[in-house]
Colleague: 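Sharing a structure here in structure tokens format.
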Amino acid sequence: MGVVVQKYGGSSVADAEGIKRVARRVVETKKAGNQVVVVVSAMGDTTDELIDLANEVSPLPPARELDMLLTAGERISMAVLAMAIQNLGHEARSFTGSQAGVITDAEHGRAKIIDVTPGRIQAAIDEGAIAIVAGFQGVSQTTKDITTLGRGGSDTTAVALAVALEADVCEIYSDVDGIFTADPRIEPRARKVPRISYEETLEMAAQGAKILHLRCVEYARRYDMPIHVRSSFSEKEGTWVVKADDVSQESTMEAAIITGVAHDRSQAKITVVGVPDKPGEAAAIFRAVADAQINIDMIVQNVSAAATSLTDISFTLPRGEGQTAMTALSKLKDAVGFDSLQYDDSVGKVSIVGAGMSSAPGISARFFEALSEAGVNIEMISTSEIRVSVVVAETQVQDAVNAAHAAFDLGSDEIEAVVYGGTGR
Ligand code: ASP
Ligand code: MG
């Protein structure tokens with residue numbers, strides 16, 4: 001008998017009807033002869049609503065209490081789903097992250113899993129019960145406090161449990177049929193990708209494609225746990241995220257050079273204007289940003305104008321951290337001797353991703369030509385071995401995605417993508 005771990009996202013368990021539908025699916029998987037462990041997210045937009053509530057009573061909610069509050073969302077889903085399954089005549093037991101043995105560090109709001117000791121889950125499934133686990137949460141090894149893994153963290157709970165239980169597959173259910181060549185909400189001709197490598201999925205997720213939690217993919221890659229991304233609203237086969245070898249074995253035809261187009265509207269751009277062109281200046285700027293615990297993404301430094309010997313340095317960062325970065329940098333103004341700081345949060349990032357590009361020349365040229373034909377101006381560029389990203393004006397993100405999608409022939413003739421639920425919040 002194989003172990004199957006299934007994770008259902010917030011839109012799949014948004015209301016009583018959704019929970020009953022999920023319960024039927026879980027029972028079918030059990031009846032097919034599997035041991036089943038289910039990880040649930042909070043119902044619908046519960047997590048956002050709880051955050052709003054916290055902000056109404058406190059401008060800066062204490063991290064420990066915020067985690068305590070947010071984990072309640074997943075505890076509601078787990079208990080209600082267990083009831084719905086029992087109502088179908090099958091035994092189900094719900095467990096908090098802590099009861100399920102998800103041990104983390106003590107970083108509230110972004111805790112990392114350091115160990116999984118799923119003794120109670122193993123016992124439950126060995127006794128023939130279906131185990132339901134609250135996603136996105138654990139318990140700190142040192143403080144014994146309840147922690148959360150960061151937004152979208154239930155995916156990571158599911159993969160971590162799948163690895164610890166030596167499951168055959170980790171199935172991640174959401175409101176779309178799998179991973180698409182672009183976000184179907186802005187590219188109606190997006191096609192479902194049948195198989196994709198961990199590396200490509202990581203790039204897509206890191207570049208803003210809201211497909212899977214980044215850390216869940218890293219975890220799956222480290223332990224080679226296949227992930228099947230699919231919809232809880234349909235029976236269709238979804239997308240398999242597997243190791244690169246298993247993708248290429250599968251593709252009998254000439255492999256697609258580009259697997260997908262990702263976009264991200266959550267970034268902002270800071271430009272440090274008039275930086276003296278001498279050693280140590282960039283180091284001082286980025287040290288200040290790093291000390292403020294801010295993760296930056298792209299960096300561009302202009303060639304300094306010969307006359308002034310001053311240069312501009314631009315970088316992108318998450319919008320939510322823009323204010324902190326600007327404050328940290330303004331303190332450096334005199335020491336570093338730059339002229340001014342500019343902040344722009346109406347930017348977006350568009351990326352093409354594909355393992356095939358490392359051996360195909362002319363990919364960037366084709367991408368940039370497509371953008372130019374669509375009248376999209378490129379503000380910044382960055383690349384990795386399997387990705388090319390550009391920063392553009394936020395108002396041009398959709399045009400850029402559509403242009404890139406068409407330039408690499410990613411579109412299907414029929415409309416394939418169905419978005420079944422969710423508010424996209
Ligand atoms: N409920 C949490 C969130 O909305 C965790 C998750 O959905 O995975 O971020
Ligand atoms: Mg959610």
Side-chain angles (χ1 to χ4, degrees), residues 5-15 18-19 22 37-55 61 63-81 94-98 100 102 104 107-113 116 132-139 146-163 170-176 179 201 205-206 208-220 225 227-233 241 264 266 318-320 419-425:
V5 175
Q6 301 187 321
K7 178 258 170 178
Y8 292 91
S11 56
S12 297
V13 292
D15 50 21
I19 290 194
V22 166
V37 177
V38 181
V39 174
V40 281
S41 287
M43 295 172 69
D45 290 331
T46 301
T47 308
D48 293 288
E49 287 156 14
L50 292 173
I51 291 173
D52 291 347
L53 172 64
N55 288 330
R64 178 188 186 277
E65 302 310 325
L66 189 60
D67 273 359
M68 205 60 130
L69 175 68
L70 297 189
T71 52
E74 270 68 11
R75 294 178 62 151
I76 294 173
S77 326
M78 73 178 193
V80 180
L81 179 60
S94 66
F95 299 90
T96 65
S98 163
V102 180
T104 72
E107 289 286 325
H108 286 293
R110 54 169 178 215
K112 288 207 178 56
I113 297 178
V116 183
I132 319 286
V133 179
F136 156 74
Q137 55 183 276
V139 60
I146 297 301
T147 54
T148 63
L149 309 179
R151 297 305 308 271
S154 301
D155 292 353
T156 303
T157 305
V159 170
L161 273 171
V163 169
C170 182
E171 297 184 332
I172 303 229
Y173 287 88
S174 73
D175 54 1
V176 286
I179 297 177
T201 311
K210 296 188 188 67
I211 38 183
L212 289 171
H213 198 225
L214 198 55
R215 274 167 40 207
C216 122
V217 188
E218 282 166 352
Y219 210 106
M225 171 58 62
I227 302 178
H228 187 185
V229 183
R230 55 197 308 199
S231 167
S232 67
F233 295 79
V241 183
D264 185 356
S266 69
R319 247 174 236 182
V419 179
Y420 298 94
T423 58
R425 198 174 158 179

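No experiment lies behind these values; they were computed from the predicted model shown. All ligand and atom numbering here is 1-based and tracks the order in the structure.
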Colleague: Given side chains that start at C-beta, do those of Val163 and Val116 come closer than 4.5 Å, heavy atoms only?
Modeller: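 Heavy-atom side-chain distance check fails, nothing below 4.5 Å.
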Colleague: Is the backbone of Ala42 close enough, under 3.5 Å, to the side chain of Glu74 for a donor and an acceptor to pair up by distance?
Modeller: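 Indeed, once roles are kept as given, a pair shorter than 3.5 Å links the two residues.
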Colleague: Under the side-chain contact (heavy atoms from CB on, under 4.5 Å) rule, collect the residues that match up with Ser232, sequence neighbours excluded.
Modeller: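 Per chain and number, Ser232 pairs via side-chain contact (heavy atoms from CB on, under 4.5 Å) with Tyr8, Ser12, Arg21, Tyr173.
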Colleague: Can you check whether Leu149's main-chain N or O pairs, donor with acceptor, with Arg215's side chain at less than 3.5 Å?
Modeller: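 Yes, Arg215 side chain to Leu149 backbone: donor-acceptor pair under 3.5 Å.
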Colleague: Below 3.5 Å, N or O to N or O, backbone or side chain included: is there any such pair between Ser154 and ligand 1?
Modeller: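 In this structure, Ser154 places an N or O atom under 3.5 Å from an N or O of ligand 1.
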Colleague: Atom 3 (C) of ligand 1: which of Glu74, His213, Arg151 has the nearest heavy atom?
Modeller: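 Looking at heavy atoms only, Arg151 sits closest to atom 3 (C) of ligand 1.
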Colleague: What atoms in ligand 1 come closer than 4.0 Å to a heavy atom of Ser41?
Modeller: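 Listed by number with element, the hits are 6 (C), 7 (O), 8 (O).
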Colleague: What pairs with Ala209 under side-chain contact (heavy atoms from CB on, under 4.5 Å), at least two apart in sequence or on another chain?
Modeller: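 Per chain and number, Ala209 pairs via side-chain contact (heavy atoms from CB on, under 4.5 Å) with Met204, Ile211, Ala262.
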Colleague: Take every heavy atom of Gly152, measure it against each atom of ligand 1, and state whether any distance is under 4.0 Å.
Modeller: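 Yes; Gly152 lies near enough to ligand 1 that a heavy-atom distance drops under 4.0 Å.
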Colleague: Can Gly10 be said to touch ligand 1, with heavy atoms closer than 4.0 Å?
Modeller: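 No; Gly10 lies far enough from ligand 1 that no heavy-atom distance drops under 4.0 Å.
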